[in-house]
Amino acid sequence: SVIHAQQAHDFKGLGSPAGHEQIAGWNIDVFPDGTGLPDGQGTVALGEKVYKTQCMSCHGVNLEGGLGPKLVGGQGSLASDKPVKTIGSYWPYATTIFDYVRRSMPFQSPQSLSNEDVYSVTAYLLSKNNIVPADTTLDAKSLAAVKMPNRDNFYVDDRPDTKNERCMADCLKK
Amino acid sequence: SVIHAQQAHDFKGLGSPAGHEQIAGWNIDVFPDGTGLPDGQGTVALGEKVYKTQCMSCHGVNLEGGLGPKLVGGQGSLASDKPVKTIGSYWPYATTIFDYVRRSMPFQSPQSLSNEDVYSVTAYLLSKNNIVPADTTLDAKSLAAVKMPNRDNFYVDDRPDTKNERCMADCLKK
Amino acid sequence: ALAADPTKEAAADAAANLPPNVPKWTRSLGSPTASPYGKPSAFEKKAIRNMYPGLKEPMSAYSTSPLQELDGTITPNGLFYERHHAGVPQIDPAEHRLMLHGLVERPLVFTMDEIRQFPCVSPIYFLECSGNPSFLPPYGKTAAEVAGLVSCAQWTGVPLKTLLEHAGLKKEAKWIVAEGADGAAMTRSIPIEKCLDDVLVVYSQNGERLRPEQGYPIRLFVPGFEGNMSIKWLRRLHVTDQPGYTREETGKYTDLMADGRARKFSFVMECKSLITQPSGTHKLTRKGTHEIRGIAWSGHGKITAVDISTDGGNTWKAATLQEPVISKALTAFRFLFDWNGEEQVIMSRAVDETGYVQPTLDQLIEARGKVSFYHNNAIQPWKIATTGEVTNGRV
Amino acid sequence: ALAADPTKEAAADAAANLPPNVPKWTRSLGSPTASPYGKPSAFEKKAIRNMYPGLKEPMSAYSTSPLQELDGTITPNGLFYERHHAGVPQIDPAEHRLMLHGLVERPLVFTMDEIRQFPCVSPIYFLECSGNPSFLPPYGKTAAEVAGLVSCAQWTGVPLKTLLEHAGLKKEAKWIVAEGADGAAMTRSIPIEKCLDDVLVVYSQNGERLRPEQGYPIRLFVPGFEGNMSIKWLRRLHVTDQPGYTREETGKYTDLMADGRARKFSFVMECKSLITQPSGTHKLTRKGTHEIRGIAWSGHGKITAVDISTDGGNTWKAATLQEPVISKALTAFRFLFDWNGEEQVIMSRAVDETGYVQPTLDQLIEARGKVSFYHNNAIQPWKIATTGEVTNGRV
Ligand SMILES: [Ca+2]
Ligand SMILES: [Ca+2]
Ligand SMILES: [Ca+2]
Ligand SMILES: [Ca+2]
Ligand SMILES: [Ca+2]
Ligand SMILES: [Ca+2]
Ligand SMILES: [Co+2]
Ligand SMILES: [Co+2]
């Protein structure tokens, strides 16, 4: 075959169309505006059960941590000399808790929780961090509406932030 | 310490002097002019014994080869369509046989032969190739004096020797 | 004659292989040709990966490349650093897929064979974890412990831009959320401009297919950006108009400043250098000239200079760089200095093509406070004692 | 529901990992972090070294790098080609020595620690055996069988010139006879001008110490010259005023011409290229655009162009070269062509910085006859059948 320098290249055969069902099965991304949150809901009460049976062994009976990180505390500590970063004190969006727990927890059996369980344990974690009341029923709408204490405290990287000079002599005196 | 750009570098401590005995133990290089050949001598007769006990199992009772290459034959065949390259037909220097046998044969126990054995089996191989008489006693002087049949038939690489062009079109018609 | 004394016997055994004696390995046949896949000499015991100091749990963990044992700029695949969140999955490439969906005209699912059929490139790039190292003590003993979460290889793969054009990028596209297929299913959001620049979907590492530890069968590769974004075991690319604000770009990989606010989207691994020889646990055994060797790199492009100080940072001189210098890859540097047995502190300082000069730790802390944790590209001092022993100059 | 039919069951098992299902490796933890030395995926069964076709005796033998499985220009250490004469010795580096003697002011014996202390360099160079491949049939099925005795790595070591200056070179010096420490104690004579140019005493290969198969703990490295001269397990350098005319430069590695005379000292590996994808045993599975990929190299310096023909050599077009192009190293090339299901023959042709153009096999035979055996750098054709199957175009 003759080689045409200007001919459009034909990689048409590469890749199969991704069907809606295929995408739905794999796309578990949840965004701060609630995009991606599934149908369903959960309660703090059910979440406490989920936590005790599936999370406590690693995250502690009082969410104090263990094999896994601490899941409460630290609010108001971020500007101190000993900041404590937890989902409650540091994370900007509650939707991230849902997203993260659904895709990767429990640690040893990820993606095994039902949507109801994820809503529930998320509600439980938020309530233990005093971010939602203990009688909360959480669904897509109410989860997206949660405002985390640290939401407004992030700003886009503004480095470079050092101005070292390429000093060659007598540098320690400067 | 201050870095002096022009200061001679001092790697003096690296390496220990190589003493004469150390060099003598390791330097087994033999050159065509006989440099490196050790004291001693050998005979075709002794060489035949060495061959039969230490070489024949790989190079054949008639030097026809086996696990190891053929060690006779091919003289006069080099310009033909089926050239046979052996120590006798192709190698330019007899000293190379001594050098090679001493450093690497027998194959499984190299550097185990005495100088007398190496002179002897070299003499034997040369005699089987009709390059020296069967009653030869070989020593440094006589070995360096052997003129191999193919000695004058080598010349220094004169490549490049092709002139392909970077033809881009209609190349098969040219 | 061998004595009954084991020390003398060991010495005699050793001397048996030294000139004028012909060593035993010169008087015998060795191992057969054509081992299907070679491995290092059994005598090389120090060149191994180690768990980062202090870590115990092996599924969410990191291991260091033994930088003080390595030369040049290419990291051999078996010693490439690791950072995992759910261990290393063993993925069957025939059953692995890459899904590309969201703001594209044609959402697609690719097999690994299909990915290989697109036009590819083979650049050399470094990969560095953003937490390399932490700002706080204890400070590492070796170069590996100090900054061993960096490695460099020749990567082969298809530009992400090519795949996006193939799927047809919608004009509203602003980000891509990339996801891995391990048990963490980790996601990061990559700006679309970067995706259309030099991001790759990679399948080979130093010539052979990716190692499981580096993401077999495919990974994302985001040159010059923090390693976490180069999603391993890549299985999904979700083209979006907003970032995901996933856990790895909120709870982690954000930089807490002195005032309690935090930087987000701190992507670039800034200009950095490290002396690897001599470095912690090495020992100079003679007075005289020695060659200082190390590596430098910048996520902003090429290294343009590396300066060395052998007097604790008071005077500096330019080192020689190994050519060719490659953008966003490790660059090797060399510098000769004379050691006369005195105690001294040596360090390197890199400059990149933007003119940025590698800072001191004090300068970083001045700018950021003490708890920002990530992006520590500080100048690293090594102390040479009068014994010749080398230790971390930062205590 | 799984049927009792094993085919259906296998298909169902496979489908269990495909979208919309979440694969099992995404729902579980993987292998632990920090394996001390990683290895390739168990699913990579084809990327292995093989004994050169037809060889049985494993001590004096050669093995091929699986070029058709590799990408880019760096050969991973475990798949580097081999050529041995007495198997692979397992040398204790503490007991290994390098002796430098002959026409030097100060004959010396070096330990391996001492060799590492000299100033070093880390260039990238190819290494190729001169018999890669033979001129005569049978012709290989794969790229490895055709020309797999070539590999490329980043080598670190001390310039031989540095060691010669350290020992003090006498003015009568014209050659160096270099010897290895394996059971073959192989020697080659290297001209002093080359030794003072770019010859190295090397100890590292792609960052880590030399592999035993590549000469651990040190080897000579003679850039651009036939691989046999890069003596492995280097133990002695004898500076002389005459060449040794050793077995490897008389009985072997001399090129028998049609008239019965033979070229000696044919050192340089001339300009050469090889398409590795698609190549023998590969199969194109769709009509449309495909990327031809391969490698090119020259012992005379840099590759300046690689042209591709997809019509059996009648028309040619320039391929794209992977930057940076490095002197005496492999260069990767790429070329897009459209396959519409026809039978066709593809090939590559390289040009190096001297202007020399890679020849055809006919041109080589015209110049040398049929029995010169070594230095076969001929253009290599691959035939694509209507089935998409690729075979050696030379029969
Ligand atoms: Ca398709
Ligand atoms: Ca699910
Ligand atoms: Ca000394
Ligand atoms: Ca001896
Ligand atoms: Ca503060
Ligand atoms: Ca003829
Ligand atoms: Co960052
Ligand atoms: Co040659």
Side-chain angles (χ1 to χ4, degrees), chain C residues 14 17-19 25-26 28-34 36-38 40-41 43-44 47-49 51 58-59 61 63 70-72 74-78 82 84 86-89 91-93 95 97 99 109 119 122 154 156 181-183 185 204 206-209 211-213 216 291 322 324 332, chain D residues 14 17-19 25-26 28-34 36-38 40-41 43-44 47-49 51 58-59 61 63 70-72 74-78 82 84 86-89 91-93 95 97 99 109 119 122 154 156 181-183 185 204 206-209 211-213 216 291 322 324 332:
Chain C
N17 290 324
L18 301 180
W25 46 75
T26 311
S28 57
L29 295 173
S31 304
T33 308
Y37 199 90
S41 167
F43 290 97
E44 285 301 314
I48 56 171
R49 281 194 289 232
M51 201 75 132
M59 293 293 152
S63 74
L70 302 180
D71 295 304
I74 297 292
T75 308
N77 291 345
E82 302 169 271
H84 307 311
V88 182
I91 297 176
D92 182 341
E95 298 182 18
R97 296 291 184 270
M99 179 182 283
V109 174
S122 298
Q154 182 180 59
T156 297
D182 62 333
S204 286
N206 288 331
E208 63 185 350
R209 300 295 196 276
R211 290 297 179 87
E213 293 87 0
Y216 182 87
E291 184 171 75
Q322 175 72 49
Chain D
N17 288 325
L18 300 181
W25 46 75
T26 310
S28 57
L29 296 172
S31 302
T33 307
Y37 198 90
S41 167
F43 291 97
E44 284 302 313
I48 56 170
R49 282 195 289 231
M51 204 72 138
M59 294 293 151
S63 73
L70 302 180
D71 294 304
I74 297 290
T75 309
N77 291 344
E82 302 168 271
H84 307 312
V88 182
I91 296 177
D92 182 342
E95 297 184 18
R97 298 290 184 270
M99 179 181 284
V109 174
S122 297
Q154 184 181 57
T156 297
D182 62 332
S204 286
N206 288 331
E208 63 185 350
R209 299 296 196 275
R211 289 299 180 85
E213 294 87 357
Y216 182 88
E291 185 172 75
Q322 174 72 49

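The structure displayed is predicted, hence computed values, not measured ones. Lettering of chains follows the sequences in order, A, B, ..., and the numbering in each one begins at 1.
- Put simply, of D:G87, D:G207, D:S63, the one with the most heavy-atom pairs under 4.5 Å next to chain C is D:G207.
- Panel note: side chain D:T26, backbone C:G183; no donor-acceptor pair is recorded below 3.5 Å.
- With sequence neighbours excluded, the residues that form a side chain to side chain donor-acceptor pair (under 3.5 Å) with C:S122 are C:T156, D:R334.
- For C:A47, the part lying near chain D is the backbone, with the side chain staying farther off; criterion is any non-hydrogen pair under 4.5 Å.
- Taking chain D as the reference chain and counting heavy-atom pairs below 4.5 Å, the highest number among C:P32, C:A34, C:S31 is found for C:S31.
- Contacts of C:F43 with chain D are made by both backbone and side-chain atoms, with heavy-atom separations under 4.5 Å.
- For the options D:A332, D:A61, D:P324, D:P119, heavy-atom pairs under 4.5 Å to chain C are most numerous at D:P119.
- Using a 4.5 Å cut-off between heavy atoms, C:S41 touches chain D through backbone and side chain atoms alike.
- Residue contact with chain D, scored on non-hydrogen atoms closer than 4.5 Å, involves the side chain of C:Q322 exclusively.
- The candidate from D:R211, D:E291, D:E208 with the greatest count of non-hydrogen atom pairs under 4.5 Å with chain C is D:R211.
- Considering only heavy-atom pairs separated by less than 4.5 Å from chain C, the leading option among D:R209, D:M51, D:H84 is D:R209.
- Contact annotation for D:Y37: both backbone and side-chain heavy atoms come within less than 4.5 Å of a heavy atom of chain C.
- Between the side chain of C:R97 and the main chain of D:P19, no donor-acceptor pair closer than 3.5 Å is present.
- Contact annotation for D:Q154: only side-chain heavy atoms (C-beta onward) come within less than 4.5 Å of a heavy atom of chain C.
- With a 4.5 angstrom heavy-atom cutoff, C:P40 touches chain D via backbone and side-chain atoms both.
- Contact record, D:E95 with C:W25: CB-CH2, 3.9 Å, taken as the closest heavy-atom pair.
- Within the 4.5 Å cutoff, the side chain of C:R49 has no heavy atoms near those of the D:P36 side chain.
- With a 4.5 Å cut-off on side-chain heavy atoms, C:T33 and D:M59 do not count as touching.
- With a 4.5 Å cut-off on non-hydrogen atoms, C:E44 touches chain D through its backbone and its side chain both.
- Atom CG in D:N17 sits 7.5 Å away from atom CG in C:D92 (nearest 0.5 Å).
- When heavy atoms are compared at a cutoff of 4.5 Å, C:P76 approaches chain D by way of both its backbone and its side chain.
- The closest donor-acceptor contact from the side chain of D:S204 to the backbone of C:D71 lies at 3.5 Å or more, if one exists at all.
- Ranked by heavy-atom pairs under 4.5 Å with chain C, the list D:P89, D:P58, D:P93 is led by D:P58.
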